[in-house]
Amino acid sequence: MTSNEIRQKFLGFFEKHGHAVIPSASLIPENDPSVLFTTAGMHPLVPYLLGEKHPLGQRLTDVQKCVRTGDIDEVGDYSHHTFFEMLGNWSLGDYFKKEVITWSYEFLTSPEYLGLDKNRIAVSVFEGDVDAPFDSEAYETWKNLGISESRIAKLPKKNNWWGPAGEAGPCGPDTEMFYWVGNPNEVPESFNDDNDLWLEIWNDVFMQYDKSKEGVFTELSQKNIDTGMGLERTLAVVNGLDDNYKTELFWPIIESIENSTGKKYEDEQKAMRIIADHIKASVFILGDNMGVAPSNSGQGYVLRRLIRRAVRYGKQLGMISFTGEVAKVVIEIYKDVYPEVLNNKDFILSNLSQEEEKFEKTLEKGLKEFEKGISPFVLFTTYGFPFEMTKELATEKGIKIDENEFNEEFKKHQELSQTSSAGMFKGGLADAGEETKQLHTATHLLRQALENILGENIIQKGSNINSERLRFDFAFSRKVTDEEKKKVEDLVNQKIKEALPVTRVELSKEEALATGASHTFGDKYGDIVSVYYVGDSRETAFSKEFCGGPHVNNTNELGVFKIVKEEAVSAGVRRIKAVLE
Ligand code: SER
């Protein structure tokens, strides 16, 4: 079975059960301060999980691009990846446990769909604790479907609970589905969580509680279903493969590495897997329509780490200037499903080769100095070696690194990987309070003011909000002058003074496009979209944008708008940071 057949079967199955198919959202979360990347299918849907109405209804299904860096140390084994696709189905206050478990089981085992062997399936359910009771409904549902009790494990929160990653928010028990990937003639009678040959392939989350900051769990009024099935793992098990890298989503990449090094995958598994995984993730981060370039902070820093780590493992195999070639293979695999990687091919390839070159130089110089005896810390601070690499090099040489010196930086690094991997439930503007809503509305005003003052269609390249400031990236080829900045500020402040209402409408995609509302070029949208306009009527509105919200109700809630910085982020992309005072 091909990856495309699985995607189509999955979406088709849930469509048949009344779900609307929604496109994958960007990998770079918009206006969300809590995570660096989209880490799970539920992430872009947080506002709807918290009660906002979705224009396509209460049942949704999708295939979402995800990046997780929390598991980066596990990348190199047969089943963990930095970039992966998550198949999901969603109930926003509609069906619940019985329906979803029954559908999951049917999809996994019916010959019309995945046709997996019923005898190789095991599941786990939440065992119960002081916060929430044993999930007897999930247990009974599995039992009634014919799963033997020895294959239904009752496990604690650590295993069978999802969210919130932050201190508070919606969360709930889940049920996980495992497939025996060992010898089919030796399937153990009972499920054992410690045995890696039981591979988790699907997780159905029952979002039924809200956890307060004080740690109290109360039942949510809108109960949701969030399921996530890893495409790469599913593809491997359906095809009887014991290694995700042997599937069509990876094997051509591995083969190209084999060809260019003359080495065999069997002998160099770890290095080849890491190169394939990291270059693939880099292609998707660079190739996103909100794509970012390597830098020293945020998403750009994660990207830099991925590219540099791939280059270092490439060096181990004797590869030089190779990232572009590997990236081309990745683009070839995905260009039909994710056309953005083809459309952004030049950006992907030029950034990869620049970063590789930069790093080669750094490595050469740094390694020379390191041989001469400079400390790991200098290597890190002066030569810009990534922290992980510095640590790895020091360990290889048996040098103990001075933990105190590194502590500060290390903390920074940890925060970074936490924000990029966890926060799966936190997140979403719905959770982020009044300031972020205000800044979100101010971002819409800013975009339109830039368009009016600079006299060009402003193409958004990224947007990020935390409780203090907004950050807006847009395509523009030169510096914005002080005079222009002043004019932009004045225009935004004038619109704030005019006390314009902010209104959300749901329109068909065609109608929405016809209004001239601003949207991200090249992004896929659902058939019905929500558009926010700022102004007294849709016709006379100052700003119109495709957007999931949320926003303030009136611009008079915004205070005084001030641009604090304007700078370049990469060739042809400018960044504005602004605040409301
Ligand atoms: N949120 C859950 C996960 O990521 C199910 O989609 O596993």
Side-chain angles (χ1 to χ4, degrees), residues 6-7 10-11 13-14 19 22 24-25 27 29 32 34-50 54 59-71 74 79-92 94-97 99-101 103-105 107-108 123-126 135 138 155 157-166 169-179 193 198-211 220 223-234 418-428 430-431:
I6 296 182
R7 291 188 195 96
F10 187 90
L11 298 175
F13 178 83
F14 285 101
H19 293 64
I22 54 167
S24 172
L27 264 184
D32 188 339
S34 66
V35 283
L36 289 174
F37 295 101
T38 299
T39 52
M42 51 80 51
H43 195 87
L45 294 171
V46 168
Y48 309 106
L49 295 169
L50 288 169
H54 193 283
R59 296 183 181 195
L60 308 172
T61 182
D62 64 357
V63 184
Q64 174 64 45
K65 305 186 278 184
C66 301
V67 160
R68 281 187 194 177
T69 52
D71 293 339
E74 280 171 276
S79 67
H80 285 85
H81 306 297
T82 311
F83 169 86
F84 63 97
E85 290 170 77
M86 196 178 258
L87 306 156
N89 60 289
W90 313 88
S91 160
L92 304 170
D94 188 2
Y95 60 84
F96 209 46
K97 294 183 191 180
E99 293 90 331
V100 76
I101 292 177
W103 286 334
S104 294
Y105 193 55
F107 184 75
L108 289 175
V123 301
S124 61
V125 301
F126 178 58
D135 194 348
L155 298 174
K157 261 216 190 75
K158 174 168 81 62
N159 306 73
N160 279 73
W161 193 272
W162 184 268
C171 55
D174 62 35
T175 185
E176 301 185 357
M177 288 151 263
F178 300 81
Y179 198 63
D193 182 50
W198 284 112
L199 179 69
E200 183 198 341
I201 50 176
W202 202 351
N203 182 12
D204 289 356
V205 180
F206 314 123
M207 216 178 276
Q208 65 187 113
Y209 295 101
D210 188 40
K211 184 184 174 194
L220 274 172
K223 293 190 173 55
N224 304 303
I225 292 291
D226 150 20
T227 91
M229 177 187 233
L231 176 64
E232 294 74 4
R233 291 179 176 191
T234 306
Q418 262 161 25
T419 43
S420 57
S421 61
M424 292 159 193
F425 246 86
K426 219 176 143 209
D431 183 52

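Along the sequence shown, residues are numbered consecutively beginning with 1. Atoms within each ligand, like the ligands themselves, are counted from 1 in listed order. Atom set for the values below is all heavy atoms of this structure, side chains included, hydrogens, waters and symmetry mates excluded.
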message: Show the atoms of ligand 1 that are less than 4.0 angstrom away from any heavy atom in Met42.
response: 1 (N)
query: Which one holds for Met229 and ligand 1: side chain close, backbone close, both close, or neither close, with close meaning a heavy atom under 4.0 Å?
result: neither
- prompt: Which atoms from ligand 1 have a heavy atom of Arg68 less than 4.0 Å away?
  reply: 4 (O)
- request: Using modelled atom types only, decide if a donor and an acceptor are shared between the side chain of Thr175 and the backbone of Ser124 within a distance under 3.5 Å.
  value: yes
message: Is it true that Asn89 and Thr227 share a donor-acceptor pair across their side chains at a distance under 3.5 Å?
response: yes
message: Name the residue from Phe13, Trp90, Phe10, Trp103 that meets the ring-ring contact (aromatic ring centres under 6.0 Å, His included) definition with His19.
response: Trp103
query: Against heavy atoms of Val205, which atoms of ligand 1 measure under 4.0 Å?
result: 2 (C), 5 (C)
task: Considering the heavy atoms of Gly228, write down every atom of ligand 1 situated less than 4.0 Å from one of them.
output: 5 (C), 6 (O)
- prompt: Are the side chain of Gln64 and the backbone N or O of Ala25 linked by a donor-acceptor pair below 3.5 Å?
  reply: yes
- request: Taking all heavy atoms of Cys171 and all of Gly163, pick out the closest pair and write down the distance.
  value: CB-O, 3.1 Å
- request: In sequence, state the C-alpha distance, the side-chain angles, and the governing distance for Phe37 and Thr82, and then conclude on side chain to side chain contact (heavy atoms under 4.5 Å, CB included).
  value: CA-CA 11 Å; Phe37 295 101; Thr82 311; over 6 Å; no
query: Mind checking whether Trp90 has an N or O less than 3.5 Å away from an N or O of ligand 1?
result: no
message: Please classify the Asp204 to ligand 1 contact at 4.0 Å (heavy-atom distances, strictly less than): side chain, backbone, both or neither.
response: neither
task: Give the numbers and elements of all ligand 1 atoms closer than 4.0 Å to a heavy atom of Ala40.
output: 4 (O)
